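As the structure is a prediction and not an experimental result, all values here were calculated from the model. Residue numbers start from 1 in every chain, and the chains themselves are labelled A, B, ... in the order their sequence lines are given, proteins ahead of strands. Side chains included, hydrogens not; waters and symmetry mates left out as well; all remaining heavy atoms used.
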Number of protein chains: 2
Amino acid sequence: MQDILFDFISKYVSLTEDEKNVLLSLDLFRSVKKGTTLLKEGQKSQDFYFVLKGCIRKYYIIDGDEKTTAFYTEMEALTPHCVISKTPSEYFIGCVEDSILLVSNSDMSEEVNSKFPKFDTMCRLLSEELLAKQQINFDEFKTSSPEQRYLNLLQNRPDLIQRVPQHQLASYLGIKPQSLSRLRARILEKKS
Amino acid sequence: MQDILFDFISKYVSLTEDEKNVLLSLDLFRSVKKGTTLLKEGQKSQDFYFVLKGCIRKYYIIDGDEKTTAFYTEMEALTPHCVISKTPSEYFIGCVEDSILLVSNSDMSEEVNSKFPKFDTMCRLLSEELLAKQQINFDEFKTSSPEQRYLNLLQNRPDLIQRVPQHQLASYLGIKPQSLSRLRARILEKKS
DNA sequence: TGTATTTCTTAACTTAAGTGAACGAGTTAT
DNA sequence: ATAACTCGTTCACTTAAGTTAAGAAATACA
């Protein structure tokens with residue numbers, strides 16, 4: 001399980017065995033049941049999450065219904081906006097599947113940082129990479145129709161379509177569940 | 001004019017007079033005419049841009065028509081994806097108005113970096129801030145209809161609506177120019 | 001200045017997404 | 001085991017965006 005973490009880190013910086021052991025000794029791992037809410041709107045939190053196994057999602061509640069804007073699966077990290085801005089959260093974070101997460105917070109990351117200056121380097125590289133990815137993603141979303149977005153998802157993250165409830169997927173694609181059903185039926189029809 | 005640059009930088013790091021002078025001596029400023037294409041699809045480039053005055057935009061050409069995905073105005077910085085990924089660009093960058101830009105490239109930024117280690121700090125802070133902004137932006141886009149997006153724009157960047165051609169605005173909002181016209185007419189009707 | 005081009009708007013028609021309701025299948029709770 | 005929910009799908013209807021075409025207004029330019 002820890003291998004996933006070390007594989008991830010090794011993409012950015014290299015760790016000695018000692019460093020690995022200290023990291024493990026911090027006991028940052030947390031097992032979370034499907035359906036658990038990790039962060040609520042209005043809460044302040046210092047926690048950030050790294051998914052070792054499972055899936056978590058970010059969602060807003062607007063006019064009473066959920067709008068899912070992101071899913072995070074294995075090897076993906078989520079730093080909630082409220083951690084950076086130190087303001088109450090505008091959104092929720094919930095657990096889509098039984099998951100194993102690494103949960104750390106600012107206090108801890110000072111401790112981690114003092115022991116591993118490399119971590120700072122990693123965070124910088126990570127945020128630059130995420131920014132680039134995010135921009136491409138945003139552009140792709142803007143320039144395509146819901147149907148194209150679904151087909152792209154089918155290409156790029158086919159697992160999501162299997163593991164995530166349809167109504168969450170729908171709002172992730174920017175449409176209603178009924179429209180997603182219809183859209184899928186339409187695609188099947190075209191194929192045949 | 002340089003004040004804009006120094007105002008911007010001072011949000012992240014402080015500069016001595018000496019540092020300011022060296023920065024100015026590098027002669028990074030460039031005056032660009034409206035309509036100029038700064039970067040084309042397929043090109044490789046090391047340049048990144050900081051807008052001192054005017055407006056530039058990022059756009060794709062998909063099936064023969066332009067899809068504008070971002071505008072950059074005073075005090076905004078744009079590092080094209082191709083600079084980071086070192087791959088040919090997937091999009092164009094064009095000048096919407098006569099503009100004054102700071103244009104730098106990787107070679108130069110090594111020079112700059114050696115003279116001002118602070119620049120590295122600034123870039124890190126900047127990319128973290130941009131990532132946060134970008135995420136909020138993306139969420140806002142996903143969770144709203146074209147009409148809401150237009151109304152948001154009217155609130156948050158009213159200048160854009162004045163200075164940018166409607167058809168570019170339309171694709172920025174994810175719709176066709178005709179739909180934007182209609183949408184505006186609809187809003188006017190509601191008001192009265 | 002006059003001509004061409006681009007830009008914006010309007011209109012009629014098509015297509016796709018939103019809405020409200022209903023239904024069955026699967027899950028949860030009691 | 002049964003009742004209550006949740007979830008996905010389907011249907012009929014409404015609303016908004018896409019498409020095609022045409023014309024007016026503004027801009028560029030020769």
Can you list, by chain and residue number, the hydrophobic cluster partners of B:Leu38 when the side-chain cut-off is 4.5 Å? A:Ile136, B:Val32, B:Leu39, B:Tyr49, B:Val51, B:Ile56, B:Tyr60, B:Ile62, B:Tyr72, B:Leu78, B:Tyr91, B:Ile93, B:Leu101, B:Val103
B:Ser181: side chain to side chain contact (heavy atoms under 4.5 Å, CB included) partners, not counting sequence neighbours: none
The criterion is salt bridge (charged side-chain N to carboxylate O under 4.0 Å, His left out); which residues satisfy it with B:Glu41, sequence neighbours excluded? none
All N/O donor-acceptor pairs, side-chain side in residues 164-171 of chain B, below 3.5 Å, sequence neighbours left out:
{"residue": "B:Gln166", "atom": "OE1", "partner": "B:Arg184", "partner atom": "NH1", "Å": "2.5"}
{"residue": "B:Ser171", "atom": "OG", "partner": "B:Thr68", "partner atom": "N", "Å": "2.7"}
{"residue": "B:Ser171", "atom": "OG", "partner": "B:Gln168", "partner atom": "O", "Å": "3.4"}

Run the side chain to side chain contact (heavy atoms under 4.5 Å, CB included) test against A:Ile61 and tell me which residues pass, sequence neighbours left out. A:Tyr59, A:Glu66, A:Phe92
Using distance only, find each side-chain donor-acceptor pair of residues 122-133 of chain A under 3.5 Å and give its atom names and separation, not counting sequence neighbours.
{"residue": "A:Arg124", "atom": "NH1", "partner": "B:Asp120", "partner atom": "OD2", "Å": "3.2"}
{"residue": "A:Ser127", "atom": "OG", "partner": "B:Ser127", "partner atom": "OG", "Å": "3.2"}
{"residue": "A:Glu129", "atom": "OE1", "partner": "A:Tyr12", "partner atom": "OH", "Å": "2.9"}
{"residue": "A:Glu129", "atom": "OE2", "partner": "A:Tyr12", "partner atom": "OH", "Å": "3.1"}

Write down the protein N/O and nucleotide N/O pairs, taken from nucleotides 5-7 of chain D, whose separation is under 3.5 Å; answer none if there are no such pairs.
none

For a quick test of your reading: what N or O donor-acceptor pairs under 3.5 Å do the side chains of residues 151-162 of chain B make, sequence neighbours left out?
{"residue": "B:Asn156", "atom": "ND2", "partner": "B:Asn152", "partner atom": "O", "Å": "3.2"}
{"residue": "B:Arg157", "atom": "NH2", "partner": "B:Glu76", "partner atom": "OE1", "Å": "3.4"}
{"residue": "B:Asp159", "atom": "OD2", "partner": "B:Arg163", "partner atom": "NH1", "Å": "3.3"}

So is B:Lys20 actually on top of B:Phe6's ring, under 6.0 Å and inside 45° of the axis? yes
Atom CD of B:Gln162 and atom P of C:dT7 are separated, to the nearest Å, by 17 Å
By side chain to side chain contact (heavy atoms under 4.5 Å, CB included) - contacts of A:Lys34 (at least two apart): A:Asp98
Listed in order of residue number, which residues of residues 53-68 of chain A have a non-hydrogen atom at under 4.0 Å from DNA chain D? none
Suppose we screen for salt bridge (charged side-chain N to carboxylate O under 4.0 Å, His left out). Which residues come up paired with B:Lys142, at least two apart in sequence or across chains? none
I need a per-nucleotide contact map over nucleotides 10-30 of chain D, read 5' to 3'. Cutoff is protein heavy atoms under 4.0 Å; write B for the base, S for backbone only, - otherwise. B-----SBBBB----------
